[in-house]
Amino acid sequence: MSIYVNNPHLDSMKDDILYHFNLGTSTHDLPAMFGDVKFVCVGGSPWRMKSFTEYIAKELGLLEPNAEFPNICEGTDRYAMYKVGPVLSVSHGMGIPSTLIKLLYHAHCTDVTVVRIGTSGGIGLKPGIVVVTKQSVDSVFQPRLEQVILGKPVVRSTELDAELAEELLQSGKDLAEFETVIGNTMCTLDFYEGQARLDGAFCSYSEEDKQSYLAEAYAAGVRNIEMESSVFAAMCKLSNLRAAVVCVTLLDRLKGDQLTSSHDILNSYQQRPQVLVGHYIKKKLNAYKKS
Ligand SMILES: O=P(O)(O)O[C@H]1O[C@H](CO)[C@@H](O)[C@H]1O
Ligand SMILES: O=c1cc[nH]c(=O)[nH]1
């Protein structure tokens, strides 16, 4: 399946400068650089995405002795991007660039699967549990993203690929290295009040209010909270991209708001979605080879 972009203005542009990546259609041969990409993994932290690149290279037998993975977006400090074989690994900070969709489109990529490998706050889950997102929901638990375009609200669906979510859940179960569950993910605009925290610069509600909101979320099937899944899901759906969200929980929000685990523990939790998605990619690529 091809990447779908819906913008008549693109056809009349001689060059497209993908400013945030420091790449462009006239300065770079995007089909040669990225045309073979089949899996795109995105996540907030540049360190995580570099470590995923090294991990997946090893898993796929593509790790050459003394291999270095240069940051393809080296000319800008906004994103880090690494490529190994058919896997592209991109950090997005907080928020997701739709530029990534244009990059895949300009590179003529086909049959691409995109997975966000992130961190989140869990609801009623032990820290370290990995959640595969069933539906990305907003702060009133609806599977939608409201975006303001030309001053008017436009609502977009945040539906994800159900089959892919089940396959990823199965990968987690096959691995049996940590617990993996499927559930709804609430996506917020803010880490503090947006996620019912009591430790932000501002807070206008009580502990009871917080607990009752999180209980409502849990009753609506929400098992974790993060900040990118809805825009990620909406953009992938609009572009015909098979997409999934796999996030580890760093804490149980019913028990607190501060991330009190040590750096080492948090880093080891962050690796779990990488291991799960790495296992899935390896399984898929082996199946392609056999067919
Ligand atoms: O770990 P990442 O992928 O950045 O995801 C989560 O962590 C950040 C907040 O700490 C937000 O971006 C949230 O979505
Ligand atoms: O509580 C958390 C932890 C990680 N990311 C979030 O968005 N929230």
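As a basis for the values below, the full set of heavy atoms in this structure was taken, side chains included, without hydrogen atoms, waters or symmetry mates. Counting convention: from 1, in listed order, for ligands and their atoms alike. Worth saying up front: this structure is predicted, and the values here are computed from it rather than measured.
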Any side-chain donor near an acceptor of the partner, [X] and [Y], under 3.5 Å:
{"X": "Gln170", "Y": "Glu166", "answer": "no"}
{"X": "Asp174", "Y": "Ser171", "answer": "no"}
{"X": "Asp16", "Y": "His106", "answer": "yes"}

For the ring pair Tyr79 and Phe21, is the centre-to-centre distance below 6.0 Å?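 Distance test on ring centres: under 6.0 Å, yes.
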
Out of Glu228, His92, Arg116, Met49, whose heavy atom is nearest to atom 3 (O) of ligand 1?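 It is Arg116 whose heavy atom sits nearest to atom 3 (O) of ligand 1.
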
Nearest candidate to atom 4 (C) of ligand 2, where distance is taken over non-hydrogen atoms, out of Cys247, Cys187, Ser120: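 Ranked by closest heavy atom to atom 4 (C) of ligand 2, first place is Ser120.
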
Below 4.0 angstrom from a heavy atom of [X], which ligand 2 atoms are there? Numbered from 1 as shown, please.
{"X": "Glu226", "value": "7 (O)"}
{"X": "Gln195", "value": "1 (O), 2 (C), 6 (C), 7 (O), 8 (N)"}
{"X": "Leu251", "value": "1 (O)"}
{"X": "Ile225", "value": "6 (C), 7 (O), 8 (N)"}

Does atom NZ of Lys283 have more than 12 heavy-atom neighbours, drawn from other residues, nucleotides or ligands, at distances under 6.0 Å?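 Yes - once you tally the heavy atoms of other residues, nucleotides and ligands closer than 6.0 Å, there are more than 12.
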
Should the heavy atoms of other residues, nucleotides or ligands under 6.0 Å from NZ of Lys134 be counted, would the total exceed 12?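 Result for NZ/Lys134: open.
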
Could you check whether Glu226 pairs with Arg116 (Lys NZ or Arg NE/NH1/NH2 to Asp/Glu carboxylate O, under 4.0 Å)?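 Yes, charged N to carboxylate O under 4.0 Å.
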
Any non-hydrogen side-chain atom of Phe69 less than 4.5 Å from a side-chain atom of Leu63?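 With C-beta onward as the side chain, the pair touches.
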
Quick one, Ser2 and Thr110 - any side-chain contact, counting heavy atoms below 4.5 Å?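 Yes. Closest side-chain heavy atoms under 4.5 Å.
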
With a cut-off of 4.0 Å, which atoms of ligand 1 are near a heavy atom of [X]?
{"X": "Phe191", "value": "9 (C), 10 (O)"}
{"X": "Gly44", "value": "2 (P), 3 (O), 4 (O)"}
{"X": "Gly118", "value": "3 (O)"}

Please state which protein non-hydrogen atom is closest to [atom] and give its distance, to 0.1 Å?
{"atom": "atom 8 (C) of ligand 1", "result": "Met94 CE, 3.9 Å"}
{"atom": "atom 2 (C) of ligand 2", "result": "Gly121 N, 3.3 Å"}
{"atom": "atom 6 (C) of ligand 1", "result": "Thr119 O, 3.3 Å"}

Where on Arg48 is there a heavy atom closer than 4.0 Å to ligand 1, on the side chain, on the backbone, on both, or on neither?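 The side chain, only.
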
Is the contact between Arg197 and ligand 2 made by the side chain, the backbone, both, or neither, using heavy atoms and a 4.0 Å cut-off?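 The answer is the side chain.
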
